[in-house]
Amino acid sequence: MGVPLRQSIKVGAYMARQKLAGRDKFPLIVELEPLFACNLSCNGCGKIQHPTEVLRQRVSVEQAVAAIEESRAPMVSIAGGEPLLHPQIKEIVEGLIARKRFVYLCTNAVLMQRKMDLFKPSSFFSWVVHLDGLKDRHDEAVDREGVFDEAVAAIREAKRRGFRVTTNSTFFSNDSPKTVRSVLDFLNDDLKVDAMMISPAYAYEKAPDQDHFLGVTESRKMFTEAFADGHRKRWRLNHSPLFLDFLEGKRDFQCTAWGIPSYSVFGWQRPCYLMSDGYAATYKELTETTDWSKYGRGRDERCANCMAHCGYEPTAVIATMDSLRESIRAMIGTH
Ligand code: SF4
Ligand code: SF4
């Protein structure tokens with residue numbers, strides 16, 4: 001099981017409270033992007049192409065905490081850009097943990113060892129290290145030699161200090177079931193990270209490399225083959241069983257983009273962190289002024305190949321909550 005029991009119970013209770021209160025739209029996790037600047041320039045990135053004046057902007061501690069409070073989300077994933085470049089990242093993390101939010105701090109790990117002293121191990125805190133493959137594959141994806149070794153060293157040091165460490169791996173069309181297995185086996189068995197997140201890459205319009213994004217059929221085939229022979233069950237994947245079924249094509253879902261919304265220097269992004277059709281000042285305004293029926297596969301061309309967790313994990317989690325069988329399967333970690 002990739003998610004600690006205490007966190008699963010708290011998030012389950014939050015979901016039940018939303019249902020009881022009759023709220024039809026509520027966030028599960030907020031993708032907080034406190035800056036778009038980064039110290040790497042990955043080929044598949046859709047964030048660092050903003051103009052310089054935008055790359056210089058920062059979400060303040062007060063704005064970050066107020067946005068999460070207003071949304072009521074129980075979990076926050078701090079991404080970017082590279083969040084460790086934010087001069088007040090420590091205060092943002094502390095402010096959210098003080099309000100009992102489960103914080104995932106995403107990083108490319110280049111600054112992780114240098115900044116590790118800013119944070120303390122906590123059941124409310126997890127590092128999320130971006131690792132797309134083993135050494136050659138990862139260094140190629142981030143377009144800089146040596147980043148894989150830095151990330152591995154940082155993960156080992158964080159584990160030594162008692163931090164919870166999750167990883168996030170994005171797969172492209174130059175991946176295969178073999179490369180997926182090689183990196184997930186390494187993270188699961190050698191580095192012994194606490195949990196792993198996986199995703200087929202989303203084809204950002206702004207990403208410089210447009211040739212390596214997977215289609216839905218290719219993604220399903222790749223994950224089905226990678227998960228076979230007991231791998232899916234053995235890996236500590238940080239996803240619901242239904243989302244993994246979705247990746248394999250055993251289940252299909254519609255997108256629930258309001259479940260994992262994004263807040264950045266522009267405000268609340270419409271409809272999700274992958275696409276930008278304008279912004280709202282509050283989560284309430286975002287949910288009330290967005291025509292959600294326009295988005296998802298089969299509805300918007302830009303969504304055609306999307307299987308991203310920000311759109312489909314909330315659907316899978318809600319379907320899990322609505323089914324006793326799926327709830328039991330998720331609780332006991334039957335992947
Ligand atoms: S590390 Fe993340 S934010 Fe930075 S360039 Fe790579 S994908 Fe973009
Ligand atoms: S399918 Fe949903 S999550 Fe994916 S790009 Fe479209 S709106 Fe965003």
Side-chain angles (χ1 to χ4, degrees), residues 27-29 31-50 54-55 77-86 105-112 128-133 138-144 147-148 150-151 154 167-172 197 199-209 212-216 219 243 246-247 252-262 264 268-278 286-287 290-316:
L28 194 59
I29 308 186
E31 291 279 347
L32 173 63
E33 299 180 314
L35 80 176
F36 290 125
C38 190
N39 46 5
L40 288 178
S41 43
C42 307
N43 292 322
C45 183
K47 299 289 170 180
I48 53 173
Q49 287 74 26
H50 286 289
V54 173
L55 294 179
S77 168
I78 308 180
E82 170 52 55
L84 292 178
L85 289 175
H86 193 297
L105 181 56
C106 305
T107 177
N108 58 37
V110 172
L111 289 172
M112 191 169 151
V128 179
V129 179
H130 166 199
L131 261 182
D132 286 347
H138 183 68
D139 286 354
E140 184 198 348
V142 301
D143 206 19
R144 192 193 292 176
V147 176
F148 176 83
E150 286 181 86
T167 51
N168 189 7
S169 305
T170 306
F171 299 110
F172 294 81
M197 291 189 254
S199 184
Y202 173 75
Y204 284 105
E205 282 171 312
K206 288 182 185 156
D209 177 0
H212 290 109
F213 294 114
L214 288 155
V216 170
S219 293
F243 180 72
F246 167 75
L247 287 183
D252 203 8
F253 290 127
Q254 251 314 333
C255 160
T256 305
W258 46 259
I260 304 190
S262 161
S264 71
W268 293 93
Q269 188 164 328
R270 200 186 323 274
C272 65
Y273 83 96
L274 301 168
M275 279 161 56
S276 39
D277 285 357
L286 176 81
T287 54
T290 304
D291 180 358
W292 301 100
S293 67
K294 286 196 326 195
Y295 298 105
R297 271 186 285 119
R299 297 169 171 176
D300 185 310
E301 226 177 87
R302 297 166 297 173
C303 300
N305 288 327
C306 179
M307 296 182 82
H309 112 288
C310 65
Y312 296 93
E313 182 75 88
T315 323

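In each ligand, atom 1 is the first atom listed, and ligand 1 is the first ligand listed. Just so it is clear, the structure is predicted and the values come from calculations on it, not from any experiment. Basis for what follows: all heavy atoms, side chains included, without hydrogens, waters or symmetry-related copies. By convention here, the first residue in the shown sequence is residue 1.
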Taking the side chain as everything from C-beta on, heavy atoms only, tell me whether [X] gets closer than 4.5 Å to [Y].
X      : Y      : result
Val128 : Ser77  : no
Cys272 : Glu31  : no
Arg302 : Tyr295 : yes
Cys255 : Arg299 : no

Is it the case that the side chain of [X] and the backbone of [Y] share a donor-acceptor pair, with hydrogens and angles ignored and the cut-off at 3.5 Å?
X      : Y      : answer
Asp277 : Pro271 : no
Thr170 : Ala201 : no
Ser169 : Leu131 : yes
Glu82  : Asn108 : yes
His138 : Asp132 : yes

Who's the nearest protein heavy-atom neighbour of [atom], and how far?
atom                    : value
atom 8 (Fe) of ligand 2 : Cys272 SG, 2.4 Å
atom 4 (Fe) of ligand 2 : Cys306 SG, 2.3 Å
atom 5 (S) of ligand 2  : Met275 SD, 3.4 Å
atom 6 (Fe) of ligand 1 : Cys42 SG, 2.3 Å
atom 2 (Fe) of ligand 1 : His130 ND1, 4.3 Å
atom 3 (S) of ligand 2  : Gly311 CA, 3.5 Å

Short list, please: which atoms of ligand 2 are under 4.0 Å from a heavy atom of [X]?
X      : answer
Cys255 : 1 (S), 2 (Fe), 3 (S), 7 (S)
Tyr295 : 7 (S)
Pro271 : 7 (S)
Cys310 : 3 (S)
Gly296 : 1 (S)

| Non-hydrogen atom of Tyr273 closer than 4.0 Å to ligand 2 | no

| query | Are Ala308 and ligand 2 in contact, using a heavy-atom cut-off of under 4.0 Å? | reply |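 For ligand 2, residue contact (heavy atoms, under 4.0 Å) with Ala308 is absent.
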
Proximal atoms of ligand 1 relative to [X] (non-hydrogen, under 4.0 Å):
X      : result
Gly81  : 3 (S)
Asn108 : 1 (S)
Leu40  : 5 (S)

| request: Answer yes or no for Cys303: is there an N/O/S atom below the 2.8 Å cut-off from atom 6 (Fe) of ligand 2? | output: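 So Cys303 does bind atom 6 (Fe) of ligand 2 by this criterion.
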
| Would you say Val142 contacts ligand 1, with heavy atoms under 4.0 Å as the rule? |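 Heavy atoms of Val142 never come under 4.0 Å of ligand 1.
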
| task | Cation-pi check, Arg297 to Tyr312: give yes when NZ or CZ is under 6.0 Å from the six-membered ring centre and within 45° of the ring axis, no otherwise. | result |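 Geometry flag: set, cation within 6.0 Å and 45°.
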
| Between atom 8 (Fe) of ligand 1 and Cys38, is there an N, O or S atom separated by less than 2.8 Å? |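 No.
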
| message | How close do Ala257 and Trp292 get, counting heavy atoms only, and between which atoms? | response | CB-CZ3, 3.8 Å

| OG on Ser219 to CG on Leu214, rounded to 0.5 Å |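 Those atoms lie 4.0 Å apart.
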
